[in-house]
Amino acid sequence: MLESTNFTYKNNRLYCEDVSVDEIVRQVGTPVYIYSKSYFKDRYTEFTNAFNSINHTIFYAAKSNFNLSVIKTFLDLGSGVDVNSEGELIRALKAGATPDKIILTGVGKTAREIKLGLEHDVLMIKAESEEEVYLINDIASQIHKIARVALRVNPDVDAQTHPYISTGLAENKFGKSVEDALEVYSKEKELSNVRFTGIDMHIGSQIVTIDPFIEAIEKLKEVHKIVTSFDVHIEHFDIGGGIGVKYKDETPFTIKEFANAIIPKLSTCGCDILFEPGRFLTANAGALIVEVLYTKKNSSKNFLVVDGAMTDLLRPSIYGSYHHVVPVTVYSNRENRIYDVVGPVCESGDFLAKNRELQEGRQNDYYAVMSAGAYAMVMASNYNARRRAPEVLVDGSSFKVVRSRETFDYLLYDESV
Ligand code: LLP
């Protein structure tokens, strides 16, 4: 049920590594996000080891969890960072990333974001339109830089994932078609301050079969071949992120299977292969701990009204995503019941789980909503003027609050009447 070996029960109490969740809750309160540092490290190591036979670099997709300590954990392992905005760029720098370990993504980068990336000399900017390439060229020329640019190619493949997180179909807003990308690459000589150093794709997220990756890589290889004939020197072949994880009963491929399938396709391209995993590294490192405020029954439904909400974990509300919910303390004398686990927000869409068989809940019990290491805190909001929850990083038998609970002063600091 836990999908993470780093959350386990000892004597019927939930632990993250060697720290009891109760202890964290006692000191920090709820709702609270808890992350296992060793899980981050193990997943990163598993990934990089699988690809050790080819030149590759992992650029951790900070959008999945941009806490500075999380980014720093990956940097310390040798990772780069994939950033999707100036905010994430600033975070990566603050966490200690050197610019040669940063790549800048984004379908709608502003001139300011592009300039910031260029001023910092990031390794590569991934452009998604011809207009963007020309803007990068103009800005680079104004500040006397040569921009290293990759074009994001939209290979028109079906990643077979939730439509909101599928990004590699022709109808999606991302990247340029193969034909259009080739045309843009062919213009390198007209661009005084752009060098095309990369080719890029990202076909979607939470992808659990390898075939869409293979199909897309084949298409990008064709592009690479043609682009090389234009005398454009591609150094980086970036296959993006998107590797799926287990939330419930998915059977995602292992990273070793992924490596075995794609290495033969990539080993001859003469490029450094870049990866941008987010969820794979972070999702099952974390849990959101909530407290039961009230239990109640309406019509035929049992509810656990908890202090965590869609503002803390939006995924169930917007994608209908499943996250395991487990008790922080297991009581042997309690029966199971079917519950909806709902938050305090004024919407019926505010739920964390529906129709779940759970140990009978009572007021002040704690539950852990699992797989909350990716796309949880980063998608949190202040709706209903709720303060965003703190984040705790567990390392062996110790833990640290790596972002504290927001204060009301923080919520109100820039407003006036
Ligand atoms: N690279 C690019 C260009 C991306 O857009 C993304 C994710 C990644 C890498 C990392 O993808 P990952 O390895 O984490 O699948 N909020 C959604 C997920 C949105 C993903 C957006 N892009 C969710 O909660 O499922």
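Start at 1 and go down the list; that is how both ligands and their atoms are numbered.
- The protein non-hydrogen atom at the shortest distance from atom 7 (C) of ligand 1 is K63 CD, 3.4 Å.
- Close contacts of ligand 1 with R152, meaning ligand atoms under 4.0 Å from a residue heavy atom, involve 3 (C).
- With respect to Y247, the side-chain hydrogen bond (donor to acceptor under 3.5 Å, both in side chains) criterion is satisfied by exactly one of Q206, R279, H324: R279.
- Ion pairing between E190 and K187 fails under the 4.0 Å rule for side-chain N and carboxylate O.
- Short contacts between ligand 1 and I165, defined as distances under 4.0 Å to a heavy atom of the residue, involve ligand atoms 17 (C), 18 (C), 19 (C), 25 (O).
- Those atoms of ligand 1 that come under 4.0 Å of a heavy atom in A61, given as number and element, are 8 (C), 9 (C), 10 (C).
- Using cut-offs of 30° and 60° for the angle between ring planes, the Y164 and H162 rings count as perpendicular.
- Interface of P277 with ligand 1, defined as ligand atoms under 4.0 Å from a residue heavy atom, comprises 13 (O).
- Among all non-hydrogen protein atoms, the one lying nearest atom 24 (O) of ligand 1 is R315 NE, 2.6 Å.
- The pair D121-K145 meets the salt-bridge criterion, since a charged nitrogen lies less than 4.0 angstrom from a carboxylate oxygen.
- Near T105, meaning under 4.0 Å from any of its heavy atoms, are these atoms of ligand 1: 3 (C).
- Distance alone, capped at 3.5 Å, places no donor-acceptor pair between the S371 side chain and the N284 backbone.
- The atoms of ligand 1 that sit less than 4.0 Å from any heavy atom of G278 are 12 (P), 13 (O), 14 (O).
- Salt-bridge annotation for K176 and E132: absent, with no side-chain N of the basic residue lying under 4.0 Å from a carboxylate O of the acidic one.
- Under the 4.0 angstrom criterion for non-hydrogen atoms, G240 is not in contact with ligand 1.
- By the 3.5 Å distance cut-off applied to N or O atoms, G242 is counted among the residues near ligand 1.
- Atom CZ of R405 is surrounded by more than 12 heavy atoms from other residues, nucleotides or ligands within 6.0 Å.
- Of the listed residues (K101, R91, K63), just one forms a salt bridge (charged side-chain N to carboxylate O under 4.0 Å, His left out) with D82, and that residue is K63.
- For the pairing with K126, the side-chain hydrogen bond (donor to acceptor under 3.5 Å, both in side chains) check across H236, H202, E276 returns one residue only, E276.
- Contact analysis puts Y319 in contact with ligand 1, with a non-hydrogen atom separation below 4.0 angstrom.
- Between the side chain of S381 and the backbone N or O of Y383 there is at least one donor-acceptor pair closer than 3.5 Å.
- If you look at E128 next to ligand 1, there are no close heavy atoms at all, none under 4.0 Å.
- In terms of polar-atom proximity, K126 is not counted as a contact of ligand 1, lacking any N or O under 3.5 Å from an N or O of the ligand.
- For ligand 1 and E276, the ligand atoms under 4.0 Å from any heavy atom of the residue are 1 (N), 2 (C), 3 (C), 8 (C), 9 (C), 10 (C), 13 (O).
- Of all protein heavy atoms, the one closest to atom 15 (O) of ligand 1 is S205 OG, 2.4 Å.
- For the residue pair D307 / T30, a side-chain donor-acceptor distance below 3.5 Å is found, with atom types taken as modelled.
- Among all non-hydrogen protein atoms, the one lying nearest atom 8 (C) of ligand 1 is H202 CE1, 3.4 Å.
- Checked by distance only, ligand 1 and Y375 come closer than 3.5 Å through their nitrogen or oxygen atoms.
- Heavy-atom contacts of D82 reach the following atoms of ligand 1: 1 (N), 9 (C) (cutoff under 4.0 Å).
- Below 3.5 Å of separation, one finds an N or O of R279 facing an N or O of ligand 1.
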Report the C-alpha distance between F40 and Y44 in whole Å, list the side-chain angles of each, state the deciding distance to 0.1 Å, and finish with yes or no for ring pair (Phe, Tyr, Trp, His ring centres under 6.0 Å). CA-CA 6 Å; F40 292 136; Y44 181 90; over 10 Å; no
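- In this structure, H162 falls outside the shell of residues with a heavy atom less than 4.0 angstrom from ligand 1.
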